Amino acid sequence: MEAMFRWGALTALAPVAWGANYYVTHHYLPADAPLWGAALRALPAGLLLLAAARRLPRGAWWWRSAVLGVLNTSAFFVLVYLASQWLPAGTAAMVMALSPLALTLCAWLLAAERPRPAQLCGGAVGVGGAALMLAGDAGPVNGANGLPGLLASLGALLASSVGYVLAKRWAAPADGDGAPGVLAAPGVLASTAWQLTLGGLLLLPVAVLTEGVPPALDGSALPAFGYTSLVATALAFLVWFTGLRRLPAATVGLIGLLNPVTGVLLGTALDGEPLGPVRLGGAALVAAGILLGRPRPAGAPTRPRTGRTGVPSARRAAAAQRGGPQPGP
């Protein structure tokens with residue numbers, strides 16, 4: 001159980017970094033270059049991890065990495081960039097509060113990972129808490145870019161949920177994994193590097209044709225891109241996909257609730273957004289949702305089933321195997 005908590009704490013670094021990235025993007029990155037912004041976020045991070053992994057895709061992992069690159073990098077980064085520019089930092093993070101349910105349902109449909117009732121309840125409680133935290137925000141559909149911003153957030157949520165589940169499913173060891181002629185699943189470092197690099201490369205020609213030359217980066221934009229690419233992408237995606245391999249998808253989705261919580265807290269601390277009893281209560285509900293959906297320890301002892309006489313069924317089975325009389329009726 002201690003190991004599960006350690007993996008959960010490591011995975012939590014990712015949504016915290018992403019929650020802070022809404023603020024960074026909204027205040028310090030150019031508003032009129034979402035394609036270049038996404039490419040400059042993905043490609044340096046992907047190349048850095050690729051240099052560390054020192055591996056290229058093989059066989060089916062070329063098209064798998066391209067699919068994951070489109071979902072988790074190209075589409076996701078562009079849509080998140082637009083949502084971060086068009087909406088307040090806290091409001092932009094609001095839709096991501098739906099990630100526990102979205103990730104749980106996608107894992108159920110695409111990977112046959114049936115959620116436990118506690119995980120579904122934890123997702124519902126966490127979503128309610130995140131919505132409560134953001135209840136005092138300015139109306140999310142205010143302004144000309146309000147509705148497009150919400151649609152961009154929903155698109156990012158859908159793309160990332162499908163991409164994360166596919167990444168988890170394809171990373172699972174296949175029958176005969178490691179045998180000659182069988183394509184083994186790559187490590188987290190290599191697979192993360194491939195999808196970030198391919199996703200960034202796919203964005204480059206689209207950015208050139210649509211937005212022209214890259215935007216000029218002033219003194220504040222350069223360190224902001226450094227944070228976005230190195231911390232909120234290279235580090236965050238590495239620990240996130242590690243968590244997806246070690247923990248149930250529903251649990252990882254609950255940990256992702258730290259994304260909107262971070263966005264709201266930063267908006268309160270740095271932008272002066274009010275934080276009253278309602279939002280504090282919402283934060284408590286988010287914490288309760290994460291605890292409710294936490295993974296059960298592997299190999300935890302279960303209470304033995306008993307018959308009407310109170311005798312454990314294991315003893316009944318043992319007696320039957322010995323050929324002796326079974327205790328109880």
Side-chain angles (χ1 to χ4, degrees), residues 14 16-51 66 68-93 95-96 140 142-157 159-160 163 192-238 259 262-263 266-267 270-271:
V16 170
W18 293 334
N21 194 55
Y22 286 109
Y23 179 87
V24 172
T25 302
H26 185 79
H27 286 278
Y28 298 109
L29 297 186
D32 56 349
L35 293 172
W36 274 115
L40 293 176
R41 175 183 178 180
L43 201 52
L47 293 175
L48 177 65
L49 296 181
L50 188 63
L68 295 178
V70 170
L71 292 171
N72 294 332
T73 302
S74 303
F76 179 65
F77 286 178
V78 170
L79 292 170
V80 164
Y81 196 101
L82 290 172
S84 301
Q85 293 291 348
W86 290 343
L87 299 173
T91 305
V95 177
M96 290 303 165
N142 289 346
N145 290 327
L147 182 57
L150 286 179
L151 293 177
S153 294
L154 287 171
L157 174 66
S160 62
T192 305
W194 297 343
Q195 56 187 292
L196 286 173
T197 303
L198 289 175
L201 289 175
L202 290 171
L203 281 170
L204 283 181
V206 183
V208 171
L209 293 174
T210 305
E211 298 175 352
V213 298
L217 303 182
D218 56 22
S220 61
L222 194 58
F225 264 117
Y227 170 82
T228 297
S229 183
L230 300 180
V231 178
T233 303
L235 174 63
F237 272 73
L238 195 58
N259 182 337
T262 303
L266 281 179
L270 302 179
D271 280 345

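The structure displayed is predicted, hence computed values, not measured ones.
Side-chain polar atoms of R41 and T233 form a donor-acceptor pair below 3.5 angstrom.
Of all heavy-atom pairs between V24 and A224, the closest is CG1-CB, 3.7 Å. The heavy-atom pair separating L202 from A66 by the smallest distance is CD1-O, 4.5 Å. Pairing each heavy atom of A75 with each of A159, the nearest pair is CB-CB, 4.4 Å. Contact detail for A193 and L50: the closest heavy-atom pair is CB-N, 3.4 Å. Shortest non-hydrogen contact noted between L196 and A45 is CD1-CB, 4.2 Å. Shown here for A38 and V78, the closest heavy-atom pair between the two residues is CB-CG2, 3.6 Å.
The main-chain N or O of F76 is never found under 3.5 Å from a side-chain atom of S160 such that the two would form a donor-acceptor pair. The backbone N or O of N72 lies less than 3.5 Å from no partner atom in the side chain of Q195, so there is not a single donor-acceptor pair. Distance alone, capped at 3.5 Å, places no donor-acceptor pair between the T192 side chain and the L238 backbone. No side-chain donor-acceptor contact under 3.5 Å links S153 to the backbone of A83. Distance alone, capped at 3.5 Å, places no donor-acceptor pair between the Y28 side chain and the F225 backbone.
With ring centers used as reference points, W18 lies under 6.0 Å from F237. Ring pair Y22/H26: centre-to-centre distance not below 6.0 Å.
In this structure, P34 and E211 have side chains that are in contact, with non-hydrogen atoms separated by less than 4.5 Å. For the pair L235/L230, no side-chain contact is recorded, criterion being any heavy-atom separation below 4.5 Å from C-beta on. For the pair V208 and W36, the minimum side-chain heavy-atom distance is below 4.5 Å.
Residues passing the side-chain hydrogen bond (donor to acceptor under 3.5 Å, both in side chains) test with T73, sequence neighbours excluded: none.
Note that the CG atom of L40 and the CG atom of L222 stand 10.5 Å from one another [nearest 0.5 Å]. Summarising the geometry, atom OG belonging to S84 is positioned 10.5 Å from atom CG belonging to L79; distances are rounded to the nearest 0.5 Å.
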